[in-house]
Each structure stands twice: as C-alpha cells, then as structure tokens.
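The residues of the chain are indexed from 1 along the displayed sequence.
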Amino acid sequence: IHKNIVIGLLSTTVGAKTAGNGVSLCEGSIVDKIMKKDRQGNFDMNASMDALATEVGSQISSAVDTGIPTQLSYGFVSGYCSGLALKKVGRVAAAVLGVGFCCLQGLSYAGYVTVDHSKLKQQVEGWMDLNEDGKVDQEDIKDGADRIMKVLAFNMPSGAGFGAGFIGGLRSG
C-alpha cells in the first residue's frame, strides 16, 4: 500500500501517467531517478523518499538562487502595505470631506454662507474627469487607478507581486 501512495504522489508531482495498477514513465524522467529498488528488485520506499526530498530540495534551491522569490515577496509586501495605507487614507479623506460638507450645509442653512453648488459641482467634476472627455465614468476610474499603480510600481523589481499585494491590501483592513 505504501508503494501505491508514493507512486501516486510521484505521478502527480512529476506528471507521470497511471495506467491500471502501474505507472507509465518516460525514459530518463525524474521519476526514474526517484523510484529506487533494493537488491532484490523490490521498491525501496526509504531510498525513494530520500531521492524525492533531494530532487525537490535541488529544484527549490535553484529557484531561490534566481532571486525571483525574493523579488516577488518584496514586491508583494510593498504592494500590500501601499494598498492598505491608500485604503486607510481614503477613508480618512472621505470622513474629512463628509464632515466638511455637513458643516458647510449647516452654515448655509443657518444663513452664514451661500454655496454655489453648480459651480462647486463643475469644478469637482473637472478634477475627476481624468481623460477630459467631458464626463466622469468608468474610464476615469480606470485611468486614475492606472496612474496610481504606475507611480507606486515604478522601479519595483516585481510588478506582478506588487500588483497582487496592492489589491490584497485594498481588500483587507
């Protein structure tokens, strides 16, 4: 039973195909290196597990030596922190603008100030119309997000890791 478990593990790990009770192996494949037999020709589980651990360790070591995992993790952590910070700053800005609007409306209601809402609306929409097509729509949101990502991901070693982390940071907290 242990042999079937190891064969199943090896076949899913390295892509060998199972056929009935056996496993069809490509000649010279990694499975040939890992499947060890004792002197009587029987399957030796201990030797096979040692060979599997050695091969996996070698592959992991090769991947780490390229520096890609470090770049991805650095980019991901940087992106996550940036996304989380942007979300928190956005919440504070929304609260400040909301309180400011309430105060302005209260002062207007009490007769202390007169607010020209049409002029205010026109100016705010001008700031929000990033692609300058005369209307605020999804394209402006996409353009704004692209501009923010361009600035935040500038000169990062791994833009993919940063982008994934940034989205994760925006979604959490």
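- One hydrophobic cluster holds both Val136 and Trp127 under the rule that ILVMFWY side chains link at heavy-atom gaps under 4.5 Å.
- Taken from CG in Leu120 to CD in Glu125, the straight-line distance is 10.0 Å, to the nearest 0.5 Å.
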Show me, pair by pair, the donor-acceptor contacts under 3.5 angstrom made by side chains of residues 96-108, not counting sequence neighbours?
residue	atom	partner	partner atom	Å
Gln105	OE1	His117	NE2	3.0

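- Phe162 and Ile148 fall within a single hydrophobic cluster, where Ile, Leu, Val, Met, Phe, Trp and Tyr are joined by side-chain heavy atoms under 4.5 Å apart, directly or via other members.
- In the hydrophobic clustering of this structure, Tyr112 groups with Val115; members are Ile, Leu, Val, Met, Phe, Trp, Tyr whose side-chain heavy atoms approach within less than 4.5 Å, directly or through other members.
- Taking Asp146 as the reference, Lys142 meet the salt bridge (Lys or Arg N to Asp or Glu O under 4.0 Å) condition, with sequence neighbours excluded.
- Checking side-chain atoms of Lys87 against main-chain N and O of Ser172 turns up a donor-acceptor pair under 3.5 Å.
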Q: Begin from the C-alpha positions of Thr114 and Asp116 and carry the test side chain to side chain donor-acceptor pair (under 3.5 Å) through to its verdict.
A: CA-CA 7 Å; Thr114 303; Asp116 186 358; over 6 Å; no

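- When all heavy atoms of Asn131 and Lys135 are compared, the closest pair comes out as OD1-O, 4.4 Å.
- In the hydrophobic clustering of this structure, Leu86 does not group with Ile141; members are Ile, Leu, Val, Met, Phe, Trp, Tyr whose side-chain heavy atoms approach within less than 4.5 Å, directly or through other members.
- Without hydrogens or angle criteria, Asp129 side chain to Asp133 main chain gives a donor-acceptor distance under 3.5 Å.
- If you take CE on Met128 and CG on Asp137, they are separated by 10.5 Å, rounding to the nearest 0.5 Å.
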